[in-house]
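Report on the following structure.
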Amino acid sequence: MAIDEHVFSCMLGATKPDPAAFLAALEFLDARPQQTFFVDDNPVNVLSARRLGIRAEQANKAADVESALRSVGLLQTH
């Protein structure tokens, strides 16, 4: 599975951890929370996303991002 889109706060008119930022991102992506995966280094932002039903993982370094992507099947070992 490939990453289809990237969304940045500057595109949304709201910033994390405000739920409005996540809702605007979902609208921008035309996606449901269950279809969305969010990675952030701030646990407050991760919790905010999870409260909306978005799959979210905290990652503080590249290895954490890799592990998070593997956990949801977005990255496979070759």
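- Annotation: the span from Gln58 atom CD to Leu47 atom CG amounts to 10.5 Å, rounded to 0.5 Å.
- What you find for Ile54 and Thr36 is that their closest heavy atoms are CG2-O, 3.7 Å.
- Hydrophobic clustering (side-chain heavy atoms under 4.5 Å, transitive across Ile, Leu, Val, Met, Phe, Trp, Tyr) groups Leu75 together with Val65.
- Side-chain N or O atoms of Ser48 include one that pairs as donor or acceptor with a backbone N or O of Pro17 at under 3.5 Å.
- Scanning for salt bridge (charged side-chain N to carboxylate O under 4.0 Å, His left out) contacts around Arg51 gives an empty result, with sequence neighbours left out.
- No donor-acceptor pair closer than 3.5 Å links the side chain of Arg55 to the backbone N or O of Phe37.
- Screening residues 42-73 for ring pair (Phe, Tyr, Trp, His ring centres under 6.0 Å), with sequence neighbours left out, gives no hits.
- Under a 3.5 Å cut-off, the side chain of Asp64 and the backbone N or O of Lys61 do form a donor-acceptor pair.
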Without placing hydrogens or testing angles, list every side-chain donor-acceptor pair under 3.5 Å for residues 24-32, not counting sequence neighbours.
none

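- Glu66 is linked by a side-chain hydrogen bond (donor to acceptor under 3.5 Å, both in side chains) to Arg70, counting only residues two or more places apart in sequence or in another chain.
- Residue pairs meeting the ring pair (Phe, Tyr, Trp, His ring centres under 6.0 Å) criterion with at least one partner in residues 49-75, sequence neighbours excluded, do not occur; the list is empty.
- Considering all non-hydrogen atoms of both residues, Ala14 and Ala20 come closest at CB-C, 4.0 Å.
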Could you pull out all donor-acceptor pairs under 3.5 Å where a side-chain atom in residues 38-45 meets a protein atom, sequence neighbours excluded?
residue: Asp40; atom: OD1; partner: Asn42; partner atom: N; Å: 2.7
residue: Asp40; atom: OD1; partner: Asn45; partner atom: ND2; Å: 3.2
residue: Asp40; atom: OD2; partner: Lys16; partner atom: NZ; Å: 2.8
residue: Asn42; atom: OD1; partner: Val44; partner atom: N; Å: 2.8

